[in-house]
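Remarks on the structure that follows.
Just so it is clear, the values below take in all heavy atoms, side chains as well, and ignore hydrogens, waters and symmetry mates. In this text the structure is predicted, and so the values were computed from the model without any measurement.
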Amino acid sequence: PGSFLPDPASDFYNRYEEDIRLSAEHGLNAIRVSIAWTRIFPNGDDAEPLAEGVKHYHELFACCKKYGVEPYVSLHHFDSPAACSTRATGSTARPSTLCALCEFCFREFREVKNWFTINELISLSHSQYISNFPPNHHFDVTSGIQSQHNELVAHARAVNLYKDLDETEHLADALAWSTS
């Protein structure tokens, strides 16, 4: 009495097709999903992505298309690789590490048109340094402010990167179109 096991909880990873189909059947035309950083780069800055994780997300996005449900994708949803959290203050203490994930995803998952860089900026820093998310520093306001700053820098860099990549791709498309 009073205790519950976490399994099964949400099993979207394995049952996404059922969830997306149900979403479409109930009239939803969009769904918010997250890319788990560790399913692609387990250590945060691995030299090569995990092929299995990349394949999973391509299949997920294809399923969204199959059912006419537009994916809105969050790139950082409270799930930094443990190695990133131990390197410095804040899960996004190294904006370049998060930006490397963003750049990979922007290039790899061209089928996605709607991105969120970091889910709930304030909530993440607050939870990590004021309340109860790892690294679980209670009332460490200085680190919380530093973490928030780092998240904002990472967000700004990712947005600029997306804009730069988008302009480059449109230019490439325009050049290919004009020469054919």
Side-chain angles (χ1 to χ4, degrees), residues 1-87 90-94 97-138 147 151 154-155 158 162:
S3 52
F4 300 91
L5 297 174
D7 295 323
S10 172
D11 191 18
F12 183 76
Y13 183 81
N14 294 304
R15 300 177 68 176
Y16 64 83
E17 181 158 11
E18 179 183 358
D19 289 345
I20 293 168
R21 179 185 51 78
L22 287 169
S23 296
E25 287 177 10
H26 290 283
L28 297 177
N29 63 0
I31 187 171
R32 186 174 128 189
V33 298
S34 297
I35 291 179
W37 193 343
T38 54
R39 292 194 190 278
I40 297 177
F41 296 108
N43 298 304
D45 58 0
D46 306 76
E48 293 294 323
L50 291 176
E52 181 181 336
V54 172
K55 179 178 181 259
H56 168 78
Y57 289 110
H58 279 297
E59 290 170 352
L60 168 67
F61 302 141
C63 183
C64 287
K65 183 176 181 176
K66 172 181 172 182
Y67 289 103
V69 176
E70 185 73 26
Y72 283 71
V73 181
S74 177
L75 290 164
H76 187 273
H77 195 141
F78 305 153
D79 62 348
S80 300
C84 290
S85 292
T86 59
R87 286 188 195 123
S91 64
T92 52
R94 295 172 61 196
T97 304
L98 180 59
C99 285
L101 169 70
C102 293
E103 180 173 5
F104 173 81
C105 290
F106 294 157
R107 289 180 187 276
E108 179 67 32
F109 303 114
R110 297 282 188 183
E111 63 270 44
V112 174
K113 303 299 179 213
N114 305 289
W115 296 99
F116 297 101
T117 53
I118 301 170
N119 180 66
E120 300 175 15
L121 284 162
I122 288 176
S123 295
L124 181 59
S125 292
H126 179 272
S127 296
Q128 289 178 323
Y129 292 97
I130 306 300
S131 60
N132 61 357
F133 278 17
N136 237 347
H137 296 249
H138 296 278
S147 176
E151 290 171 6
H155 168 75
Y162 182 80

**OP:** Check Phe41 against Asp46 and note the closest heavy-atom contact, atom names and distance.
**Re:** C-OD1, 3.1 Å
**OP:** Look at the aromatic rings of Phe61 and Phe109 and report parallel, tilted or perpendicular, splitting at 30° and 60°.
**Re:** perpendicular
**OP:** Answer yes or no: does atom CG of Asn29 have more than 12 heavy-atom neighbours from other residues, nucleotides or ligands under 6.0 Å?
**Re:** no
Subject >> Side chain to side chain, Glu108 and Ile35, heavy atoms closer than 4.5 Å >> reply: no
Subject >> Separation of Ile20 CD1 from Cys63 SG (nearest 0.5 Å) >> reply: 4.0 Å
Subject >> Close side-chain approach of Lys66 to Arg21, heavy-atom, < 4.5 Å >> reply: no
**OP:** Check the angle between the aromatic planes of Tyr72 and Phe116 and answer parallel, tilted or perpendicular using the 30° and 60° thresholds.
**Re:** tilted
**OP:** Find the distance between NE2 (His155) and OG1 (Thr117) and round it off to the nearest 0.5 Å.
**Re:** 4.5 Å
Original post:
Roughly how far, to the nearest 0.5 Å, is the SG atom of Cys105 from the CH2 atom of Trp37?
Top reply: 10.0 Å
Subject >> Over 12 foreign heavy atoms within 6.0 Å of CD, Glu25 >> reply: yes
Subject >> Any Glu17 side-chain heavy atom under 4.5 Å of Glu59 side chain >> reply: no
**OP:** To the nearest 0.5 Å, tell me how far Ser34 OG sits from Arg39 CZ.
**Re:** 11.5 Å
Original post:
Side chains of Phe12 and Ile31: closer than 4.5 Å at any heavy-atom pair?
Top reply: yes
Original post:
Taking all non-hydrogen atoms of both residues, which atom of Tyr162 and which atom of Lys113 are closest, and how far apart?
Top reply: OH-O, 3.9 Å
